[in-house]
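Chain A is the first sequence line, chain B the second, and so forth, proteins listed ahead of strands; every chain is numbered from 1.
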Protein chains: 2
Amino acid sequence: MNQLDATFAALADPTRRAILARLIQGEASVMELAEPFAMSQPSISKHLKVLENAGLISRGRDAQRRPCRLEAKPLAEANDWLERYRKIWEGNFQRLDALLGAMKAEKAPDSTDQ
Amino acid sequence: MNQLDATFAALADPTRRAILARLIQGEASVMELAEPFAMSQPSISKHLKVLENAGLISRGRDAQRRPCRLEAKPLAEANDWLERYRKIWEGNFQRLDALLGAMKAEKAPDSTDQ
DNA sequence: CTTGTATATAGCCAATCAGGTATATACCCT
DNA sequence: AGGGTATATACCTGATTGGCTATATACAAG
C-alpha cells in the first residue's frame, strides 16, 4: 500500500477525520480523543493506529499517556493529487480547452461561460 | 456514507485513481479504461460503479458503449477539507502560533523561521 | 433472427475493516 | 508490592472489498 493509498483510506472514515480535526488544536491523549465518540477505547486506539500507519499522526510519551500530534505533511501529497482536477471542477468544463481549440474561437470569447 | 466518505474511499484505490487520471483526457469506454490494467473487465466495471456511486464519474450511452466522463466537483469538497491542514504542513509547525503567543515574543520575530 | 461486441450482474472466495469484550502492559503513586 | 489509570493487544463477529469466472443483457449488423 503506497502513501497515497494509505492517506486516502485513512481519510475515508469520519471518526478518523474528526480526530485529525481535533488535533489541529494541538496534542491530545487517547482518552481526550475518545471522549466525543460513542465508541470504546480500543476502537479509538485502532483508528489511531490506522492514522499512525498512514503517517498522519505521531505519538509521544507523557507518563502513561501517549499523546497524539498531527503530522500533516502526507496530506500535501493528497492535495497535490487533487490539484490536477481543480481546473476541471472550478471551470465546470469537460476538456473545454480542447473543445475551444477545435472550434478555433468561432465566437468571441467573452468569459461569460461558467 | 456521506459524500466525503465516499470520495476518499473511492480515491483510496490506485486503479480508480488511474481511471480518473485517464478521464482527464476525455471520455472513454469501459474497454478503453480496462486496457492498461491486468484485470478482468468485470473488475473494472466494479471500480467504475464505485466511482459512479461516489459521483466522480457519470456515464452516457453510445450504441453498446457506456462512455465514462469525469465529474470532478465532488473532489472540491475533499480539497476543501484538506485545505484546513495546509498551513500546518506548509509551515512545518505544530501549533506554532500558540507557542509563539505563550512565549510572548521573547525574541524579536525576524520571520526566518520555517 | 442470429451473431458479435460491449457491458453488467451474480455468485464465489480470501482478505480487510470496524466494531465489540476481555485482558495484558506500562506507568504512577502509596 | 499493590492499586489505579492510560493504553494496547488478542480475539470474535458481521459487513465490505477486490479479485475471479460464468452468465445475462443491450445493442448493431448482417
Side-chain angles (χ1 to χ4, degrees), chain A residues 1-23 26-71, chain B residues 1-23 26-71 74 78:
Chain A
M1 207 191 209
N2 68 33
Q3 178 62 58
L4 215 40
D5 287 12
T7 300
F8 281 130
L11 297 182
D13 185 281
T15 301
R16 290 194 291 261
R17 286 198 310 274
I19 288 172
L20 292 178
R22 162 65 183 77
L23 290 176
E27 288 195 358
S29 69
V30 177
M31 296 294 266
E32 288 166 348
L33 291 173
E35 191 274 328
F37 301 102
M39 200 179 293
S40 67
Q41 169 266 314
S43 295
I44 297 291
S45 281
K46 238 189 229 180
H47 282 302
L48 292 175
K49 178 168 283 191
V50 172
L51 291 169
E52 190 176 15
N53 288 340
L56 294 173
I57 65 171
S58 61
R59 328 210 38 186
R61 171 68 81 178
D62 167 33
Q64 58 263 179
R65 264 155 237 115
R66 304 290 316 280
C68 302
R69 73 178 145 277
L70 186 57
E71 296 290 343
Chain B
M1 208 191 208
N2 66 33
Q3 178 62 58
L4 215 39
D5 288 11
T7 301
F8 281 129
L11 297 182
D13 185 281
T15 302
R16 289 193 291 261
R17 286 199 308 276
I19 288 172
L20 291 178
R22 163 63 184 76
L23 290 176
E27 288 196 356
S29 70
V30 176
M31 295 294 267
E32 287 166 349
L33 292 172
E35 191 275 326
F37 301 102
M39 198 177 296
S40 68
Q41 169 265 313
S43 296
I44 297 292
S45 280
K46 239 190 226 182
H47 282 303
L48 293 176
K49 180 169 282 190
V50 173
L51 291 169
E52 190 175 17
N53 288 341
L56 294 173
I57 65 171
S58 60
R59 326 206 45 183
R61 170 68 80 178
D62 166 34
Q64 58 262 182
R65 265 155 236 116
R66 303 290 317 281
C68 301
R69 74 178 145 275
L70 186 56
E71 295 289 343

Side chain to side chain contact (heavy atoms under 4.5 Å, CB included) against [X], all qualifying residues, sequence neighbours excluded:
X        : value
Glu32(A) : Arg22(A), Ala28(A), Ser29(A)
Pro42(B) : Ser40(B)
Ala6(B)  : Met1(B), Ala54(B)
Thr15(A) : Asp13(A), Ile19(A), Phe37(A), Met39(A), Ile44(A), His47(A)

Subject >> Contact list for residues 39-52 of chain B, test salt bridge (charged side-chain N to carboxylate O under 4.0 Å, His left out), sequence neighbours left out >> reply: none

Original post:
If the sugar-phosphate is the primed atoms plus P, OP1 and OP2 and the base is the rest, what is the B/S/- string for nucleotides 11-23 of chain D, using protein heavy atoms under 4.0 Å?
Top reply: B------BBBBB-

Original post:
Can you give one letter per nucleotide of nucleotides 25-30 of chain D, 5' to 3': B if a protein heavy atom sits under 4.0 Å from the base, S if only from the sugar-phosphate, - if neither?
Top reply: -SBS--

Original post:
Mind checking which nucleotides bracket the chain A contacts on DNA chain C, 5' to 3', with an atom under 4.0 Å from a heavy atom?
Top reply: dA18(C) to dC28(C)

Side chain to side chain donor-acceptor pair (under 3.5 Å) against [X], all qualifying residues, sequence neighbours excluded:
X        : answer
Gln41(B) : Ser45(B)
Ser58(B) : Arg69(B), Glu71(B)
Gln64(B) : none

Subject >> Side-chain donor/acceptor of Arg59(A) to backbone N/O of Cys68(A), under 3.5 Å >> reply: no

**OP:** Tell me, please, which residues at least two apart from Arg17(A) pass salt bridge (charged side-chain N to carboxylate O under 4.0 Å, His left out).
**Re:** Asp5(B)

